[in-house]
Each structure stands twice: as C-alpha cells, then as structure tokens.
Amino acid sequence: EAQVTQNPRYLITVTGKKLTVTCSQNMNHEYMSWYRQDPGLGLRQIYYSMNVEVTDKGDVPEGYKVSRKEKRNFPLILESPSPNQTSLYFCASSLIQGINQPQHFGDGTRLSIL
Amino acid sequence: ILNVEQSPQSLHVQEGDSTNFTCSFPSSNFYALHWYRWETAKSPEALFVMTLNGDEKKKGRISATLNTKEGYSYLYIKGSQPEDSATYLCAFNSGAGSYQLTFGKGTKLSVIP
C-alpha cells in the first residue's frame with residue numbers, strides 16, 4: 001500500500017531533550033516536506049526536499065533540522081525542543097520535483113514539549 | 001511569506017444545499033494551486049492540483065475553478081452531504097524557482113443533516 005509513515009504518532013517530552021520524528025514513503029517520490037499545524041494558523045511549511053541531499057527552508061524553519069540521505073526518508077530533528085514547538089506535525093511527499101503534483105500526507109505526529 | 005487567504009473561515013449549510021468558497025493568492029507569479037480536504041482526526045487528502053488559468057476540475061459533486069490573472073480559485077460542492085463536513089485547504093506555489101507550498105488557513109464546512 002502506497003503510504004507516508006510517520007513515527008511516533010504521539011510524543012510528550014521535556015524542553016531541551018533532542019528528538020527525531022521519522023518520515024518514510026514507499027512511493028519513490030522525489031519531493032518531501034514537513035509542516036506544522038497550529039490552531040488559527042493553518043499548515044505552515046518547515047522544510048522541504050526536492051531530492052536526495054537537497055533541502056530548503058520553508059516559512060518556519062527555526063529550531064528544526066532535516067536530512068535527506070535516502071530518497072524514502074526525511075527525518076525532522078528538534079535539537080533542543082522548546083514549548084513553542086508543541087504542535088501537530090505532518091510529513092508529505094509528492095512525485096517529481098515540480099510542485100504541480102498532489103501532496104500525500106502522513107497521519108501526523110502530535111508533539112507536546114513541556 | 002506569501003499571503004494565501006481563504007473565505008469564509010467557516011460555514012454551516014443544510015444537507016442538499018450547494019455551496020462554494022474562495023481561495024485568494026498573489027496574482028503576480030503563479031505556478032500551481034492545490035485543494036485538499038481535511039477531515040477531523042485524519043490527514044489532508046488531495047482534491048485537485050490546478051496549473052492553467054481558466055482550468056476547471058471536477059471530482060463527483062466537487063469542482064474547482066482557477067483565475068490566475070486575478071488571483072483566486074473557487075471550490076464548489078453541489079448538494080452537500082454530511083460526509084462533506086471537513087476543512088478545505090488551498091495551497092499556492094508561485095514558481096519563479098521556488099518549490100515552497102503556502103497553505104491558506106482553510107474553510108471549515110459543517111453540513112447539517
């Protein structure tokens with residue numbers, strides 16, 4: 001089954017404790033992206049990647065890192081999480097590098113930073 | 001940060017009514033406009049990706065139009081059903097070397113049986 005898989009689905013952690021949210025897709029998609037969703041603000045793009053070893057900042061990259069060492073994986077790294085990063089996070093992927101293809105979303109990861 | 005506006009923010013309609021809502025985006029540069037349907041506790045699902053001025057797309061009772069010159073897209077739902085209740089998101093890419101996708105805040109539709 002074609003899908004985007006995020007892990008974990010839920011995480012409660014404390015300020016300053018490094019964490020990684022994994023994202024994997026099995027559709028051979030070039031484009032992958034991370035979004036955060038906050039009430040009243042909609043989906044905001046954190047980082048995106050057009051292919052292996054190619055990443056770029058979205059609208060809200062501060063406090064996050066990403067890597068794209070393999071085509072299928074695009075982990076989101078919070079080196080020193082803070083409470084303002086408490087949010088619902090979505091990973092998404094799409095075919096080819098152009099942004100004229102629909103995004104396929106994972107099920108989301110709800111992070112709470114205490 | 002590009003400004004993508006959706007209106008209304010929310011609306012309630014009776015089952016069987018037809019409805020429409022708007023996505024506005026900068027008209028100066030345009031590459032693609034996406035529409036997604038997002039049900040509570042699920043992930044967004046793609047409805048349409050539109051790239052050409054004047055484009056019209058249809059999927060069942062849902063259709064969308066695109067006017068890139070004036071910077072807006074309409075989403076129409078004909079004969080709304082309770083299962084249409086969801087938040088509808090649009091997302092815009094300006095092209096010009098950017099692969100960033102900017103989402104609007106969405107229109108939350110509630111269909112009353």
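Here is how names work: the chains are called A, B, and so on, in the same order as the sequence lines, proteins then strands, and each is numbered from 1.
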For the NZ atom on Lys71(A), are there more than 12 heavy atoms of other groups (residues, nucleotides or ligands in this structure) within a distance under 6.0 Å?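 Enclosed.
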
Which residues from residues 105-114 of chain A are near chain B, with near meaning under 4.5 Å between non-hydrogen atoms?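 So far as heavy atoms go, Phe105(A), Gly106(A), Asp107(A) are the residues that approach chain B to under 4.5 Å.
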
Quick one: CD on Gln100(B) to CG on Asp59(A), what's the gap to the nearest 0.5 Å?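 One finds 4.0 Å between CD of Gln100(B) and CG of Asp59(A).
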
Atom group of Phe48(B) that falls short of 4.5 Å from chain A, counting heavy atoms: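 Neither; nothing under 4.5 Å.
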
Euclidean distance, Tyr99(B) OH relative to Asn51(A) CG, rounded to 0.5 Å: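 It is 11.0 Å, given to the nearest 0.5 Å.
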
For residues Ser43(B) and Val4(A), determine if any side-chain heavy atom of one lies less than 4.5 Å from a side-chain heavy atom of the other.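 No, every pair of side-chain atoms sits at 4.5 Å or beyond.
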
Would you give the length of the straight line joining atom CG of Leu43(A) to atom CH2 of Trp38(B), rounded to the nearest 0.5 angstrom?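 Rounded to the nearest 0.5 Å, the CG-CH2 separation comes out at 4.5 Å.
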
Is atom CD of Gln9(B) surrounded by more than 12 heavy atoms (other residues, nucleotides or ligands) closer than 6.0 Å?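 No - once you tally the heavy atoms of other residues, nucleotides and ligands closer than 6.0 Å, there are 12 at most.
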
Is the shortest heavy-atom distance from the side chain of Leu101(B) to the side chain of Tyr35(A) under 4.5 Å?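 Touching, per the 4.5 Å side-chain cut-off.
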
Locate the shortest heavy-atom distance separating Phe90(A) from Pro44(B); write the atom from each residue and the value.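 Shortest heavy-atom separation between Phe90(A) and Pro44(B) comes out as CE2-CD, 4.0 Å.
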
State yes or no: do Tyr36(B) and Leu88(A) share one hydrophobic cluster built from I, L, V, M, F, W and Y residues joined by side-chain heavy-atom distances below 4.5 Å, directly or via other members?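 As far as the 4.5 Å side-chain criterion goes, Leu88(A) and Tyr36(B) are connected within one cluster.
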
Do Tyr88(B) and Tyr76(B) belong to the same hydrophobic cluster, where Ile, Leu, Val, Met, Phe, Trp and Tyr are linked whenever their side-chain heavy atoms lie under 4.5 Å apart, directly or via other members?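 They do not share one cluster, since no chain of ILVMFWY contacts under 4.5 Å joins Tyr88(B) to Tyr76(B).
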
Going only through I, L, V, M, F, W and Y residues with side-chain contacts under 4.5 Å, is there a path from Tyr89(A) to Ile77(A)?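 No, separate clusters.
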
Is there a chain of hydrophobic side chains (I, L, V, M, F, W, Y, each step under 4.5 Å between heavy atoms) that links Val111(B) to Leu11(B)?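 As far as the 4.5 Å side-chain criterion goes, Leu11(B) and Val111(B) are connected within one cluster.
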
Indicate if Ile62(B) and Val49(B) have the same hydrophobic cluster label, given that clusters are the connected sets of ILVMFWY residues with side-chain heavy-atom separations under 4.5 angstrom.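 No, because Ile62(B) and Val49(B) fall into different hydrophobic clusters, even though each may have its own neighbours under 4.5 Å.
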
How far does CD of Gln103(A) sit from CG of Leu89(B), to the nearest 0.5 angstrom?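 Spacing of CD (Gln103(A)) from CG (Leu89(B)) equals 12.0 Å.
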
With the side chain counted from C-beta on, respond yes when Tyr31(B) and Asn100(A) share a heavy-atom pair under 4.5 Å apart, and no when they do not.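 Sidechains of Asn100(A) and Tyr31(B): in contact.
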
Are any non-hydrogen side-chain atoms of Gln45(A) and Thr102(B) less than 4.5 angstrom apart?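 No - every pair of side-chain heavy atoms lies 4.5 Å or more apart.
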
Is the number of heavy atoms from other residues, nucleotides or ligands under 6.0 Å of Glu45(B) CD greater than 12?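 Counting neighbours around CD of Glu45(B), 12 or fewer heavy atoms of other residues, nucleotides or ligands fall under 6.0 Å, so no.
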
Euclidean distance, Arg44(A) CZ relative to Lys105(B) NZ, rounded to 0.5 Å: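 Going from the NZ atom of Lys105(B) to the CZ atom of Arg44(A) covers 9.5 Å.
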
